[in-house]
Amino acid sequence: MVVTPLLPALLDPPDRVALRFGDTALTYSELAGAAGALAAALAGRQRVAVHATPTLHTAVGVTAALLAGVPAVPLNPKLGERELGHVLGDSAPEVVLAAPGVELPGPLAALPRVDVDIAGTGAVPRDEPPPSAPGLVIYTSGTTGPPKGAVLSRGALASNVDALAEAWEWTADDLLAHALPLFHVHGLVLGVVGPLRRGGTLHHPGTLDARALAAAGASMVFGVPTQYHRLADQLESDPDSGAAIGRARLLVSGSAALTAVDHARLHKATGLAVRERYGLTETLILTAARAGDEPEPGTVGRPLRDTEVRLTPLPGEQGDGLGAVEVRGPGLFDGYLNRPDATAAAHTSDGWFSTGDIGRWTPSGALALVGRKATDLIKSGGYKIGAGEIENALLEHAGVAEAAVIGVPDDDLGERVVAFVVPAGSAPGERELIDHVAALLAPHKRPREVRFTDSLPRNDMGKVVKARLPR
Ligand code: MLC
Ligand code: AMP
């Protein structure tokens, strides 16, 4: 069977920069050489972990794994020991890819290591697995328990970035700039696989800083709302950078809602209307505002090609158009690794994936998201954070008798993690508890604030009623 390549531009490299991180860049020929050499070293492995720093090495490492047909597990380099132990135990990678000289945390350092040589020269393998084969395993939080590994097939990656290319008229001539982490769908699938599949260029400036972005000369920019919020702050006193960024075709925001205020501030500073798109780790991107559509702030656009989105009325709703967002399509994951129970629970009885989001259609056919079903999921800085995971980490501290974690609205982060703690004996320090969580889990999961209390509000069954916690 002839399989269509996932990254055709590497088989016939155009004369163009593929990846630029800071001041270091690789052309398509150089990337093909480096990733081709590494792919040869990975051939035949079952699964490979990637120490996913925001560097050229990570992009080359993941590209090599995709070329070799070996599923890659990108890891947040700041994962705490508990989370890292879980992810490695669950995904069982045979080797870890890392930049030369970088020190790896304990459990990762115990794995056989393959250094990513960005100057390597090897041939790109001509054979690749079918689209049904797994391409990436990306870990994501749920309401309870440790993160689950979403298995994304090569076909899901390809079809999703192709549908986005159609929506955004994304071509090889586009220069995409973003400063996203490379261990989630946004930065890695849209942000690395996307431009490489198009044969275009990615520029990763490290942070979405106004001056760096202005200098990048990008035609497209991706970011999470927290990054755009900070950018809007900077542009208030830097109109020149605003004008330079405004020469882009498209600014796209996703992973969480961009506020109306930030939409307006960015429009004022750049002259561009930010487009939003919506998706999940498990589904890849589902809906997007098109390049040519009238901007409609507060919506996340229309379903992508071949993606079906339905709204199932919520129990007790009186026909106000609100519904649970349920989806089907070629971008959906194959299930959670080793978790058939969780995979089944995430689907309806007739096979649609339940996103957990609540939405309504607007008259133009765009989706507006109005909330989430679970109060135990927090979106902070564009990261999904399960309250239960943080509560469990807090309860491991000897000074904590009871804990309840919620997200409270925050101008910068969207939501901020706040922990309510009933101390065991004399209360530990707030900083001590924050550091305790940051050491066990990734630091973005740490509470930004701890409020000590004598008791948590509970219902007659003894269950904590988070709605009664002061926001
Ligand atoms: C602070 N830090 C600590 C600490 N306190 N470290 C250890 N112990 C403590 N007690 C450090 C952190 O390590 C970090 O270091 C810094 O302080 C702050 O980190 P942060 O909490 O992450 O915040 P910030 O730097 O302000 O980051 C904001 C941000 C980031 C927006 C840049 O949140 C981000 O990159 N978000 C993107 C999330 C994303 O990609 N989501 C997509 C999911 S996919 P240092 O060194 O880093 O400064 C998805 C699907 C879809 O949702 O639709 O896209
Ligand atoms: P994750 O599991 O990290 O992939 O996060 C997926 C969740 O992010 C979705 O279920 C939504 O709640 C949220 N999300 C993604 N994009 C948007 C957006 N443009 N607007 C609002 N929420 C979004």
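All values below come from the heavy atoms of this structure, side chains included, with hydrogens, waters and symmetry mates left out. Please read these numbers as outputs of a predicted model, since none were measured by experiment. In listed order, ligands and their atoms are each counted from 1.
The pair Arg302-Asp293 meets the salt-bridge criterion, since a charged nitrogen lies less than 4.0 angstrom from a carboxylate oxygen. Ion pairing between Arg198 and Asp162 holds under the 4.0 Å rule for side-chain N and carboxylate O. With respect to Asp262 and Arg265, a salt bridge is recorded, a charged nitrogen being found less than 4.0 Å from a carboxylate O. Under 4.0 Å is where a charged nitrogen must lie from a carboxylate oxygen, and between Lys466 and Glu391 at least one such pair does.
Looking at Lys379 against ligand 2, only its side chain comes within 4.0 Å, counting heavy atoms. At a heavy-atom cutoff of 4.0 Å, ligand 1 is contacted by no atom of His436, backbone or side chain. Heavy atoms of Asp357 found under 4.0 angstrom from ligand 2 belong exclusively to the side chain. Contacts with ligand 1 closer than 4.0 Å are made by no heavy atom of His178, backbone or side chain. Residue Arg230 touches ligand 1 through its side chain alone, judged by heavy-atom distances below 4.0 Å. Proximity of Ala257 to ligand 2, defined as any heavy-atom pair under 4.0 Å, is shared by backbone and side chain alike.
The single protein non-hydrogen atom nearest to atom 18 (C) of ligand 2 is Ala256 O, 3.4 Å, given as residue, atom name and distance. Closest to atom 16 (N) of ligand 2, if we only count protein heavy atoms, is Ser255 N, 3.1 Å. For atom 6 (C) of ligand 2, the nearest protein heavy atom (residue, atom name, distance) is Gly279 O, 3.4 Å. In terms of protein heavy-atom proximity, atom 1 (P) of ligand 2 is closest to Thr281 OG1, 3.5 Å. Atom 19 (N) of ligand 2 has Arg277 O, 2.8 Å as its closest protein atom, hydrogens excluded (heavy atom only).
Put simply, CG on Leu311 and CG on Leu322 are 8.5 Å apart, with the number rounded to the nearest 0.5 Å. Going from atom CH2 of Trp168 over to atom CD1 of Ile285 covers 6.5 Å, rounded to the nearest 0.5 Å.
Close contacts of ligand 2 with Val300, meaning ligand atoms under 4.0 Å from a residue heavy atom, involve 18 (C), 19 (N), 20 (N). The Leu369 neighbourhood of ligand 2 comprises atoms 20 (N), 21 (C), 22 (N), with distances under 4.0 Å to a heavy atom of that residue. For ligand 1, the atoms closer than 4.0 angstrom to any heavy atom of His186 are 42 (C), 44 (S), 54 (O). Distances below 4.0 Å separate heavy atoms of Thr226 from the following atoms of ligand 1: 31 (C). Residue Pro181 approaches ligand 1 through these ligand atoms, each under 4.0 Å from one of its heavy atoms: 35 (O), 37 (C), 40 (O). Every atom of ligand 1 is numbered from 1 in the order shown, and the set under 4.0 Å from a heavy atom of Ala438 is 7 (C), 8 (N), 9 (C), 10 (N).
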Report the C-alpha separation of His184 and Tyr383 in whole Å, then their side-chain angles, then the decisive distance to 0.1 Å, and conclude whether the ring pair (Phe, Tyr, Trp, His ring centres under 6.0 Å) test is met. CA-CA 9 Å; His184 274 311; Tyr383 285 115; 5.8 Å; yes
Problem set entry | Verdict with reasoning, His229 to Leu413, per side-chain contact (heavy atoms from CB on, under 4.5 Å) | CA-CA 9 Å; His229 176 79; Leu413 295 169; over 6 Å; no
Next on the checklist: Using the rule given for salt bridge (Lys or Arg N to Asp or Glu O under 4.0 Å), can you reason through Asp350 versus Arg310, listing the C-alpha separation, both sets of side-chain angles and the distance that settles it, and then say yes or no?
Outcome noted: CA-CA 12 Å; Asp350 57 347; Arg310 74 179 184 191; 2.9 Å; yes
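For Tyr228, there are no ring-ring contact (aromatic ring centres under 6.0 Å, His included) partners two or more places apart in sequence or in a different chain.
In Asp411, the CG atom is not crowded: 12 or fewer heavy atoms of neighbouring residues, nucleotides or ligands sit closer than 6.0 Å.
Distance screen at 4.0 Å: atom 16 (C) of ligand 1 has no protein heavy-atom neighbour inside the cut-off. Put simply, atom 29 (C) of ligand 1 has no protein non-hydrogen atoms near it, under 4.0 Å away.
A side-chain donor-acceptor contact under 3.5 Å links Ser380 to the backbone of Glu415. Looking only at distances, no side-chain donor or acceptor of Thr144 sits under 3.5 Å from a matching main-chain atom of Gly388.
Heavy-atom separations between Gly187 and ligand 1 are all 4.0 Å or longer. The closest approach between any non-hydrogen atom of Gly356 and ligand 2 is not below 4.0 Å. Within the structure, the closest approach of Thr140 to ligand 2 falls below 4.0 Å when heavy atoms are considered. Heavy atoms of Lys384 come nearer than 4.0 angstrom to ligand 1 in no pair at all. Remark: distances from the non-hydrogen atoms of Gly279 to ligand 1 include one below 4.0 Å.
On a distance-only criterion, Lys384 and ligand 2 share at least one N/O pair closer than 3.5 Å. On a distance-only criterion, Lys379 and ligand 1 share at least one N/O pair closer than 3.5 Å. For Ser253, no nitrogen or oxygen atom sits less than 3.5 Å from a nitrogen or oxygen atom of ligand 2, counting backbone and side chain alike. Looking at His184 next to ligand 1, no N or O pair under 3.5 Å apart turns up.
Scanning His444, Lys445, Arg448 for the heavy atom closest to atom 23 (O) of ligand 1 points to Arg448.
Looking only at side-chain heavy atoms (C-beta outward), Tyr139 and Asp90 come within less than 4.5 Å of each other. Taking the side chain as every heavy atom from C-beta outward, Leu196 and Leu19 approach each other to under 4.5 Å.
For the 3.5 Å distance criterion, the side chains of Lys445 and Ser141 qualify, holding a donor opposite an acceptor. Between the side chains of Thr312 and Glu326, at least one donor-acceptor pair of N or O atoms lies under 3.5 Å.
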